[in-house]
Amino acid sequence: MNMIRLGDIAPDFSAESTEGSLDFHEWLGDRWGMLVSHPADFTPVCTTELGAMANYEEEFEARNVRIAAISIDPLKSHFNWIKDIEETQNARVDFPIVADEKGEVAKLYGMIHPNNDATMTVRSVFIIAPDKRVKLILTYPASTGRNFDELLRVVDSLQLTYYEYLATPANWKNGDDLVILPSVSNEEAERLFPKGFVEVKPYLRLTPQL
Ligand code: BEZ
């Protein structure tokens, strides 16, 4: 079982998907990516999740994030299931769902947790930065549907840290104050953050986002 850790290069793969052949790194290009695995087609929680994902696609696109789903089911099953998702979730699925019938991608990404279930992928989320490095890994059990507001929140946070010298505090939401990275000196912070900052402690400095 492959183990991926934060900072690793996301494994590349080629696979068939509902949007045609997918060469993962090439498909990502210089964008961010989010790859989510689901346990199986035609299951209730997965149906709601993929519908939600479709309805959030614009939000991900606005953040330059390409999204894809994957399970160990054949392409034909994915296509048939999409009809149900669109019918029941008021959604249009036009992101790729990878058909990983042999479980090759699942193995590469460690999406099968044999002590949980040897045949189904767990609900994994991998968020990948433009340098192809894995920035977030989340693992949910089959019985817990993911929260796509949370995933957008994490993307917002990751992008702040990726492009600026900032981090986000507990329960941060877009618009709240941001944490200045400890590696930034006060002199640099004055230059980098024209809105100023509050030094609560020398290691805890906050600057307004808006
Ligand atoms: C579901 O998506 O509803 C589901 C999938 C596998 C096991 C249990 C629930």
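Note that ligands are numbered from 1 as they come in the structure, with each ligand's atoms numbered from 1 the same way. Because the structure is a prediction, the values reported are computed rather than measured.
For R191 and E187, the salt-bridge test fails: no basic side-chain N is under 4.0 Å from an acidic carboxylate O. Salt-bridge check for E104 with K107: failed, with every basic side-chain N at 4.0 Å or more from each acidic carboxylate O.
Donor-acceptor pairing under 3.5 Å is recorded for the side chains of R205 and N186. Side-chain contact, S157 with T168: a donor N or O sits under 3.5 Å from an acceptor N or O.
The side-chain hydrogen bond (donor to acceptor under 3.5 Å, both in side chains) test applied to E19 returns no partner, not counting sequence neighbours.
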Write out each pair where an N or O from ligand 1 and one from the protein are under 3.5 Å apart, with the distance.
| residue | atom | partner | partner atom | Å |
| --- | --- | --- | --- | --- |
| ligand 1 | 2 (O) | T43 | OG1 | 3.1 |
| ligand 1 | 2 (O) | V45 | N | 3.2 |
| ligand 1 | 2 (O) | C46 | N | 2.8 |
| ligand 1 | 2 (O) | R123 | NH2 | 2.8 |
| ligand 1 | 3 (O) | P44 | N | 3.2 |
| ligand 1 | 3 (O) | V45 | N | 2.6 |

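Ring-plane geometry between F126 and Y109 is classed as perpendicular, the angle between the planes exceeding 60 degrees on a 0 to 90 degree scale with a lower cut at 30.
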